[in-house]
Amino acid sequence: MAQPLPRRGASIVSTGAYLPTRVVTNDDLAHMVETSDEWIQSRTGIKQRRIAAEDEFTSDMGAKAAQQALELGGIAPESIDLIIVATCTPDTIFPSTACHIQRKIGATRAAAFDLLAACSGFLYAMITADQFIASGVYKTILVVGAEKLSSIVNWKDRNTCVLFGDGAGAVILQHREGSRGMLAFNLGADGSQPDILSLSSGEGSRFNAETVTAPFIQMAGKEVYRQAVSAMNRSAEECLEKAGCKPEQIRWFIPHQANFRIVEAVAQRMGVSLEHFVINLDRYGNMSSACIPVALHETMMSGKLDRGDLVLLVTFGGGVTWGSLVLEW
Ligand code: ACO
């Protein structure tokens, strides 16, 4: 009997990132709300974050990250078949941020849509893209995670404003001969607790200009913390098992960068040394769906990734949503 053909899934062929130039330190925030560098660092690990200019939008940052990925990969924008943008801070509900980016980078042939899974958006988008490539429908897909969270943060609320930052990361996916690409994934959601992490934007269908009083991120910090640790741990372990891998075979764990204590707790539960975890939240804070692609890009650019290395991406976000992905570099 003929053997089934091997799955021709997606590999990352290039990456890019963009961070706005303005650095806002914890001391800067202490001039705006009652907080301190000591409180923020000890509770979260965050030292500073980047904040976009007033006239710099999610698609501007996403387009710059995408352009870098195109340049580094030597890929022409016209060869992109599909653009998926993971974001919870779109420039506009429609046109989608993906359409804005399509225009800005000249990806004239590409289909384009946004995907919303809060901080888990980038992983949801990567796994969605992989299905299109494995089915043979598309050859080249641009996946962007981009956020201007500063536009949905209440700068008078010390409980939340110290946590977030702006930025964008991008990857280009293609099938690469000889690479196993994405070995296994795990995605999940639990919509039963909509209030622990939410944004009641004036553009959602439940709201209008009269009913929205605070279109800002709302968060029950302790509950989010507790659930993030357990969901990320469970998701990563299930994903490793599916991939048939032991944690010691993974060169880099790239977690969502919400809080150093969350990452530390996940590493501890998995029995993995923190040395194998990529951490950049000290410099950028939580950039939601941009965290993982920026961390991937920085790891690649610093020469810490070789062909054949296994990487585990793991995330948790509003919804609540979570996901993990094991991929071969
Ligand atoms: N500066 C000084 N004091 C503060 C600040 C601040 N920025 N923020 C809160 N406090 C105060 C509180 O008002 C409270 O004071 P009180 O005891 O007088 O009421 C005190 O500090 C303790 O507050 P807690 O909420 O108990 O602090 P906790 O140790 O839980 O840390 C934190 C809060 C950092 C938000 C933590 O719960 C956490 O990390 N949660 C995870 C949530 C997260 O990371 N969300 C990001 C978005 S979700 C995602 O991306 C997964």
Side-chain angles (χ1 to χ4, degrees), residues 24-49 86-89 116-124 145-167 169 187-191 193-200 216-236 254-267 277 279-282 284-295 313-324:
V24 173
T25 65
N26 293 344
D27 285 334
D28 293 332
L29 288 180
H31 293 295
M32 297 159 62
V33 288
E34 205 184 322
T35 190
S36 66
D37 179 48
E38 194 281 321
W39 193 98
I40 301 170
Q41 279 208 48
S42 63
R43 295 300 217 287
T44 70
I46 299 166
K47 296 179 180 163
Q48 61 182 50
R49 68 287 296 140
T87 186
C88 51
T89 48
L116 178 49
C119 301
S120 307
F122 182 74
L123 276 198
Y124 270 71
E147 303 285 5
K148 186 174 180 177
L149 294 171
S150 60
S151 67
I152 56 165
V153 159
N154 180 354
W155 290 101
K156 292 181 180 149
D157 175 14
R158 69 177 183 174
N159 291 293
T160 51
C161 76
V162 301
L163 302 174
F164 300 99
D166 300 333
L187 288 179
D190 175 3
Q193 326 150 74
D195 298 327
I196 69 164
L197 191 52
S198 64
L199 173 70
S200 304
F216 303 120
I217 295 176
Q218 312 286 332
M219 184 184 74
K222 278 195 197 313
E223 192 50 27
V224 171
Y225 180 99
R226 201 182 61 72
Q227 296 204 22
V229 171
S230 94
M232 286 169 76
N233 174 244
R234 209 177 46 242
S235 170
I254 305 190
H256 175 51
Q257 310 277 317
N259 181 318
F260 179 72
R261 286 156 62 211
I262 293 178
V263 178
E264 199 177 28
V266 171
F277 277 71
I279 293 168
N280 64 12
L281 62 88
D282 52 328
Y284 306 133
N286 180 352
M287 299 182 289
S288 191
S289 59
C291 288
I292 288 179
V294 169
L313 314 179
V314 54
T315 192
F316 179 84
V320 295
T321 54
W322 59 85
S324 298

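All ligand and atom numbering here is 1-based and tracks the order in the structure. The analysis underlying the following values was restricted to heavy atoms, covering all of them including side chains, and did not include hydrogens, waters or symmetry mates.
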Relative to ligand 1, is [X] under 4.0 angstrom through side chain, backbone, both or neither, heavy atoms considered?
X	value
T35	both
N159	both
E34	backbone

If we count only non-hydrogen protein atoms and require a distance under 4.0 Å, does [atom] qualify as touching the protein?
atom	result
atom 28 (P) of ligand 1	yes
atom 5 (C) of ligand 1	yes
atom 1 (N) of ligand 1	yes

Just need the protein heavy atom nearest to [atom], so name the residue and atom and give the distance.
atom	result
atom 51 (C) of ligand 1	F316 O, 3.3 Å
atom 45 (N) of ligand 1	M219 SD, 3.0 Å
atom 10 (N) of ligand 1	W39 CZ2, 3.4 Å
atom 46 (C) of ligand 1	N286 ND2, 3.4 Å
atom 40 (N) of ligand 1	G221 O, 2.9 Å
atom 30 (O) of ligand 1	K222 NZ, 3.0 Å
atom 14 (C) of ligand 1	R158 NH2, 4.6 Å
atom 44 (O) of ligand 1	A258 CB, 3.6 Å

When the side chains of residues 259-267 are checked against the rest of the protein, which donor-acceptor pairs come out under 3.5 Å, sequence neighbours left out?
unit_1: N259; atom_1: OD1; unit_2: R261; atom_2: N; d: 2.7
unit_1: N259; atom_1: ND2; unit_2: R43; atom_2: O; d: 3.1
unit_1: R261; atom_1: NH1; unit_2: R43; atom_2: O; d: 2.8

Keeping [X] on the side-chain end and [Y] on the backbone end, is there a donor-acceptor pair under 3.5 Å?
X	Y	value
T315	C119	yes
D166	L149	yes
S324	A236	yes
T35	R158	no
S42	W39	yes
Q257	P255	yes
S235	W322	no
W155	S150	yes

With a cut-off of 4.0 Å, which atoms of ligand 1 are near a heavy atom of [X]?
X	value
V162	7 (N)
L197	48 (S)
R43	22 (C), 27 (O), 28 (P), 29 (O)
H256	49 (C), 50 (O), 51 (C)

Notebook entry, point to check: Is T44 close to ligand 1, meaning an N/O of one under 3.5 Å from an N/O of the other?
Noted result: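 Checking ligand 1 against T44, no N or O pair falls under 3.5 Å apart.
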Margin query: Let's go through T25 and Q48 carefully: what are the C-alpha distance in whole Å and the side-chain angles of both, what is the deciding distance for side chain to side chain donor-acceptor pair (under 3.5 Å) to 0.1 Å, and is it a yes or a no?
Written below: CA-CA 4 Å; T25 65; Q48 61 182 50; over 6 Å; no
Next item on the list: Side-chain contact test, heavy atoms from C-beta onward, threshold under 4.5 Å: evaluate it for L29 versus R49 and give yes or no.
Entry: yes
Notebook entry, point to check: Within less than 4.0 angstrom of ligand 1, does C119 place any heavy atom?
Noted result: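 Contact present.
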Check: Using a distance-only test with no angle check, is there a side-chain donor-acceptor pair under 3.5 angstrom linking S198 and Q218?
Finding: no
